[in-house]
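Remarks on the structure that follows.
These numbers come from the heavy atoms of this one structure, side chains and all, not from hydrogens, waters or symmetry mates. So you know, we letter chains A, B, ... as the sequences are listed, proteins then strands, and number each from 1. This is a predicted model, so every value here is computed, not measured.
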Amino acid sequence: MKRKRSPKSLPPPPSTPPTPQTQTRHSTNVSKSRVWIPLNLTRQELSLPLTFPTGQTFRWKNTAPSQYTGVVGPHLVSLKQLQNGDVCYSLHTQSGDAKSALLDFLNADVSLADTWKVFSASDERFAELAQHLSGARVLRQDPFECHVEGFDFHAFPTLQQLSLVSEQQLRNAGGEEWLRSLRKLELQDVISELSKLPGVGPKVAACIALYSLDQHHAIPVDVHVWRIAQKYLLPELAGSKLTLKLCNRVAEAFVTKYGKYAGWAQAVLFIAELPSQKALLPSHLKTTKQQTPTKRENREEAVTLMGGESGDWRNKCWRLRHDTQKSIFCEIEHGSSTMHIVTSSFPNLQSWLTEVDNEISVEDMGQAEVETKIESVRSGKNSWMTE
DNA sequence: TTGTGACCTGG
DNA sequence: CAGGTCACA
């Protein structure tokens, strides 16, 4: 659903014969006569190109450079980013208080500046990404539209049954209110309620929750997020298969790291992975093209050497790379320092040497435990490479 | 509850 | 095929 370029063209906007003017495709004339009203949102708070075409909605159309047109409640509206970054809107219909509806839709109550400060404090990489992706915001869509959208997209086996029902019928059936009522619930309840809908699984449920139900810490775990998590958040899980349980673990990890707006952080990390947006990033931030490793290679990289007992070895982050077919390079973060272990002729982990940053000695790192763990890997006690 | 296989669809 | 959901053990 979300996050997959929409191949479809948008459904026609609700009947709203706009300006009596001729509907010229080129909007030069239209634009001139159009009234643009400023929202007090800067590019720091809202970047249209980093918010609308990034997978959270497919109902907005890019109608001009830096301009997007879509529907908010009863209003057909265009949003435009000026050269100076300020965002303006223009109504295509004479309707009442569109501005507040628009600000609501844009989640304007949430300050990106404040939110990102928290993220950046706990994640250096985020801080750097944020420099280049400022204004990437999570919208507050209408829950019903959000669901229908995801539904349109997946349209899985249940399509036949449900396509018999028109959108209007669904709305009238009270589903709209029911959906909206979920805003008051806890995330877990929201997910379980949404999952009752046909075609809605954990991922779509999290999308709806995050993008329309004020569940700012909902994390839709799809393969992209899973890759991000394996790379930066839970390296010890690299190579595992993405099961439902792991999905939950990934979501937990996001919340643990980024807090109650974790979904907003996820959105940024996600778009940083989009090929279309990577162009914005300096090369050192571009995620190396993951030439999807084979399962076996993956598992070889996925050695988990976490110490079992609590203490120093807990919460340590292990990252292993299979640099050559002969050796493994292991990077262990320990507080602010890093220890490296290089093993030769993997999987015969007979010899290993350490290379220690500054004064952290091997003993300080718990050499005995490292050896124990490596030995257990060698003797096949660990679960990786179950072949 | 968790893990598996069948089953859909758009790129 | 790759991504998701669902039914089932």
Could you check how far [atom1] of [X] sits from [atom2] of [N], rounded to whole Å?
| X | N | atom1 | atom2 | result |
| --- | --- | --- | --- | --- |
| A/Lys241 | C/dA2 | NZ | C1' | 16 Å |
| A/Lys196 | C/dA7 | NZ | P | 15 Å |
| A/Phe58 | B/dG10 | CZ | P | 13 Å |
| A/Leu197 | C/dG4 | CG | P | 18 Å |
| A/Asp222 | B/dG10 | CG | C1' | 16 Å |
| A/His147 | C/dT5 | NE2 | P | 11 Å |

Is any side-chain heavy atom of A/Tyr68 closer than 4.5 Å to one of A/Lys61?
no

Any side-chain heavy-atom pair of A/Thr93 and A/Val77 under 4.5 Å
no

Residues pairing under side-chain hydrogen bond (donor to acceptor under 3.5 Å, both in side chains) where one sits in residues 180-191 of chain A, two or more places apart or in two chains, turn out to be A/Asp142-A/Arg180

I need the full list of salt bridge (Lys or Arg N to Asp or Glu O under 4.0 Å) pairs touching residues 36-50 of chain A, with sequence neighbours left out, sorted by first then second residue.
A/Glu45-A/Arg137

Can you confirm whether more than 12 heavy atoms, excluding those of A/Lys99, are under 6.0 Å from its NZ atom?
yes

On the nucleotide C/dG3, are OP1 or OP2 found under 4.0 Å from the side-chain N or O atoms that A/Arg227 carries?
yes

Measure from the side-chain N and O atoms of A/Ser122 to the backbone N and O of A/Lys257, and report whether any donor-acceptor pair falls under 3.5 Å.
yes

Hey, what are the protein-to-nucleotides 1-3 of chain B N/O distances that come in under 3.5 Å?
unit_1	atom_1	unit_2	atom_2	d
B/dG3	OP2	A/Thr243	OG1	2.9

